[in-house]
Trainee: 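First the structure, then my questions, so here it is.
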Amino acid sequence: MEKRKDGFLIDREDNQKDYLFGIRPIMEAFNADQQIDKILVNKELKGDLLKELLAIAREKKIPVTKVPESKLNRITRKNHQGVVAYISAIAYASLDNVVDGCYSRGVAPLILMLDRVTDVRNFGAIARTAEVAGVHAIVIPEKSSAQINSDAVKTSAGALNFLPVSRERNLYYALKDLKKSGLNVVGVTEKTERNMYAADLTLPTVLVVGSEEDGISEELMELCDEFVKIPVLGKIESLNVSVATGIVIYEAIRQRNETA
């Protein structure tokens, strides 16, 4: 157990993940504008104070998941009182502000949307490449995404301290808003014959990358303006998601540098 300078108790069990537990400490964290990544609540827990906590979580758009008490007991051996909150290692960015900022500088936005990339190390590696390449933001869903904790920041080599990350409740509507803002939506998938070199990535662009298990979800596929794939010349048909994402990002950078 560690006590931070602001007085909050942080448990550093479970592979060095940072979290708070207990309703009142989490409420105090809300009052101090502490960045909370997500909250886990014992599904049997009730009470007025819990209702107040959940109302604030909804207002702040913090995901809440009801779980069996046994899951909370696996997270920490301390008296969690039925509630555990994971602390975010970063402050999330407004996607609208990122896009508007690009246009105001006369720059074509290059946004990366990660659909259900849940592995922390993959996420960290993608963030590192994206920051080095100059991607303007990464967009992730509130749920079914890698937790942005100290492990993710470490894997990203600190890139997550500089790269804007926008966490959206629904990627479908976030993608529709990006389309309305003039961005071309490019789905990176093996389910196409179109080579990535054929796409014009100098345009304001959203690159959509799906999970390694089943790729981009069908609802996001419906919003894509075009699809591209990475050329495969060997016998192995696919790449790790972080490697594949890096390749497509740098194809966009190559094209943009050639026309600069």
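Owing to the predicted nature of the structure, the values given are computational and were not obtained by experimental measurement.
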Trainee: Do you know which of Val67, Leu50, Val84 makes side chain to side chain contact (heavy atoms under 4.5 Å, CB included) with Val41?
Mentor: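 Only match with Val41 under side chain to side chain contact (heavy atoms under 4.5 Å, CB included): Leu50.
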
Trainee: Working note: Glu28 + Leu20, criterion side-chain contact (heavy atoms from CB on, under 4.5 Å); need CA distance, chi angles, decisive distance, verdict.
Mentor: CA-CA 10 Å; Glu28 291 172 8; Leu20 302 166; over 6 Å; no

Trainee: Can you tell me if NZ on Lys154 sees more than 12 non-hydrogen neighbours from other groups inside 6.0 Å?
Mentor: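 Incorrect, the count does not exceed 12.
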
Trainee: Check whether the side chains of Asp37 and Tyr92 place a donor and an acceptor atom closer than 3.5 Å, and report yes or no.
Mentor: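 Tyr92 and Asp37 do have a side-chain donor-acceptor pair below 3.5 Å.
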
Trainee: When you look at Glu142 and Lys61, which way does the side-chain contact (heavy atoms from CB on, under 4.5 Å) test go after all the steps?
Mentor: CA-CA 9 Å; Glu142 283 187 357; Lys61 299 181 179 180; 3.7 Å; yes

Trainee: Under 4.5 Å between side-chain heavy atoms, counting indirect links through other Ile/Leu/Val/Met/Phe/Trp/Tyr residues: same cluster for Val165 and Val241 or not?
Mentor: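 As far as the 4.5 Å side-chain criterion goes, Val241 and Val165 are connected within one cluster.
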
Trainee: Counting N and O atoms only, with roles assigned by atom type, does the side chain of Asp225 sit under 3.5 Å from a partner on the main chain of Asn184, one being a donor and the other an acceptor?
Mentor: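 Not confirmed, Asp225 side chain does not pair with Asn184 backbone.
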
Trainee: Would you say Pro231 and Met196 make side-chain contact, with heavy atoms under 4.5 Å?
Mentor: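 Touching, per the 4.5 Å side-chain cut-off.
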
Trainee: Quick one: does any side-chain atom of Glu168 pair with a main-chain N or O of Leu175 as donor and acceptor, under 3.5 Å?
Mentor: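 The answer is no, because no donor-acceptor pair under 3.5 Å joins these two groups.
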
Trainee: Any donor and acceptor pair, going by atom type alone, linking the side chain of Thr205 with main-chain N or O of Leu203 inside 3.5 Å?
Mentor: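 At least one qualifying donor-acceptor pair exists.
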
Trainee: Could you report the tightest heavy-atom contact between Asp115 and Ser217, atom names first, then the distance?
Mentor: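 That would be OD2-N, 2.8 Å.
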
Trainee: Do Asn240 and Ser242 meet the criterion of a side-chain donor-acceptor pair at a distance under 3.5 Å?
Mentor: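 There is such a pair between these side chains.
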
Trainee: Is Glu193 salt-bridged to Lys229, cutoff N-O under 4.0 Å?
Mentor: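 A salt bridge links Glu193 with Lys229.
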
Trainee: Do you know the tightest heavy-atom contact between Leu160 and Ala127?
Mentor: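 Leu160 and Ala127 have their closest heavy atoms at CD2-CB, 3.7 Å.
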
Trainee: Can you see which heavy atom on Leu95 is nearest to which on Ser166, and at what distance?
Mentor: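 Taking Leu95 first and Ser166 second, the nearest heavy atoms are CB-OG, 3.5 Å.
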
Trainee: Can you tell me how far CD of Gln81 sits from CZ of Phe21, rounded to the nearest 0.5 angstrom?
Mentor: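 Phe21 CZ to Gln81 CD: 8.5 Å, rounded to 0.5 Å.
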
Trainee: Answer yes or no: is there a side-chain heavy-atom contact under 4.5 Å between Val64 and Arg58?
Mentor: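 Heavy-atom side-chain distance check fails, nothing below 4.5 Å.
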
Trainee: Side chains of Phe123 and Ile148: does their closest heavy-atom pair fall under 4.5 Å?
Mentor: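 Result yes, sub-4.5 Å side-chain heavy-atom pair found.
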
Trainee: Look only at the side chain of Arg169 and the backbone of Pro63, and say whether a donor-acceptor pair between them is shorter than 3.5 Å.
Mentor: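 No: the side chain of Arg169 does not pair with the backbone of Pro63.
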
Trainee: With a 4.5 Å limit on heavy-atom distance, are the side chains of His80 and Asn42 in contact?
Mentor: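 Not in contact.
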
Trainee: Between Thr76 and Leu72, is there a donor-acceptor pair closer than 3.5 Å when you use the side chain of the first and the backbone of the second?
Mentor: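 Not at all, since once roles are kept as given, no pair shorter than 3.5 Å links the two residues.
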
Trainee: Determine yes or no for a side-chain-to-main-chain donor-acceptor pair under 3.5 angstrom, with His136 supplying the side chain and Leu110 the backbone.
Mentor: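 At least one qualifying donor-acceptor pair exists.
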
Trainee: Quick one: does Val188's side chain get under 4.5 Å of Thr245's, heavy atoms only?
Mentor: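 When only atoms from C-beta onward are counted, Thr245 and Val188 do not touch, as no gap falls below 4.5 Å.
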
Trainee: Check whether any side-chain heavy atom of Leu178 lies under 4.5 Å from a side-chain heavy atom of Met113, and answer yes or no.
Mentor: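 SC-SC contact between Leu178 and Met113 confirmed.
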
Trainee: In sequence, state the C-alpha distance, the side-chain angles, and the governing distance for Leu53 and Phe30, and then conclude on side-chain contact (heavy atoms from CB on, under 4.5 Å).
Mentor: CA-CA 9 Å; Leu53 182 145; Phe30 285 151; 4.0 Å; yes

Trainee: Same cluster or not: are Leu223 and Leu207 linked, directly or through other Ile, Leu, Val, Met, Phe, Trp or Tyr residues, by side-chain heavy atoms under 4.5 angstrom apart?
Mentor: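 Different hydrophobic clusters.
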
Trainee: Any idea which heavy atoms bring Val153 and Ala89 closest together, and the distance?
Mentor: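 Scanning both residues, the minimum pair turns out to be CG2-CB, 3.6 Å.
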
Trainee: So which atom in Tyr103 and which in Ser181 form the shortest heavy-atom distance, rounded to 0.1 Å?
Mentor: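 Taking every non-hydrogen atom into account, OH-O, 2.7 Å.
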
Trainee: Identify whether Tyr250 and Leu114 are in the same connected component of the hydrophobic contact network (ILVMFWY, side-chain heavy atoms under 4.5 Å).
Mentor: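 Linked within one cluster.
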
Trainee: Can you tell me how far the CD1 atom of Ile140 sits from the OG1 atom of Thr118, to the nearest 0.5 Å?
Mentor: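 If I round to the nearest 0.5 Å, the distance is 11.5 Å.
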
Trainee: Please say whether more than 12 non-hydrogen atoms of neighbouring residues, nucleotides or ligands are located less than 6.0 Å from CZ in Arg24.
Mentor: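 No, not enclosed.
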
Trainee: If you round to the nearest 0.5 Å, how far is CD1 of Ile247 from CD1 of Ile230?
Mentor: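 Ile230 atom CD1 to Ile247 atom CD1 measures 4.5 Å (nearest 0.5 Å).
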
Trainee: Out of curiosity, Arg116 CZ to Asp214 CG, how far, rounded to the nearest 0.5 Å?
Mentor: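 Rounded to the nearest 0.5 Å, the CZ-CG separation comes to 4.0 Å.
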
Trainee: Is there a donor-acceptor pair under 3.5 Å between the side chain of Arg256 and the backbone N or O of Leu201?
Mentor: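 At least one qualifying donor-acceptor pair exists.
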
Trainee: Measure the CD1-CD1 distance between Ile87 and Ile26 for me, rounded to the nearest 0.5 Å.
Mentor: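 One finds 9.5 Å between CD1 of Ile87 and CD1 of Ile26.
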
Trainee: Kindly indicate whether the side chain of Leu183, heavy atoms from C-beta on, has any atom under 4.5 Å from the side chain of Pro109.
Mentor: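 A side-chain contact exists here, since the closest heavy-atom pair is under 4.5 Å.
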
Trainee: Hey, quick one: are Tyr172 and Ile111 part of the same hydrophobic cluster, counting side-chain heavy atoms closer than 4.5 Å, chains of contacts allowed?
Mentor: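 Result: yes, single cluster for both.
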
Trainee: With a 4.0 Å cut-off on N to O distance, would you call Arg254 and Glu258 a salt bridge?
Mentor: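 Yes, this pair counts.
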
Trainee: Would you say Tyr86 and Leu40 make side-chain contact, with heavy atoms under 4.5 Å?
Mentor: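 Yes. Closest side-chain heavy atoms under 4.5 Å.
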
Trainee: Rounded to the nearest 0.5 Å, how far apart are CG of Asp151 and CZ of Arg121?
Mentor: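 Rounded to the nearest 0.5 Å, the CG-CZ separation comes out at 6.5 Å.
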
Trainee: Check Gln147 against Lys38 and note the closest heavy-atom contact, atom names and distance.
Mentor: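 Closest pair (atom of Gln147, atom of Lys38, distance): OE1-CE, 4.3 Å.
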
Trainee: Go through it in stages, so that I can follow the logic: the residues are Gln255 and Asp200, the test is side-chain contact (heavy atoms from CB on, under 4.5 Å), and I'd like the CA-CA distance, side-chain angles, deciding distance and then a yes or no.
Mentor: CA-CA 8 Å; Gln255 293 186 19; Asp200 184 357; 4.0 Å; yes

Trainee: Would a single hydrophobic cluster contain both Val232 and Leu239, if residues Ile, Leu, Val, Met, Phe, Trp and Tyr are joined by side-chain heavy-atom contacts under 4.5 Å?
Mentor: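 No, separate clusters.
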
Trainee: With distance as the sole test, does Arg105 use its side chain to make a donor-acceptor pair with the main-chain N or O of Gly101 at under 3.5 Å?
Mentor: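 Side chain of Arg105 to backbone of Gly101: a pair is present.
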
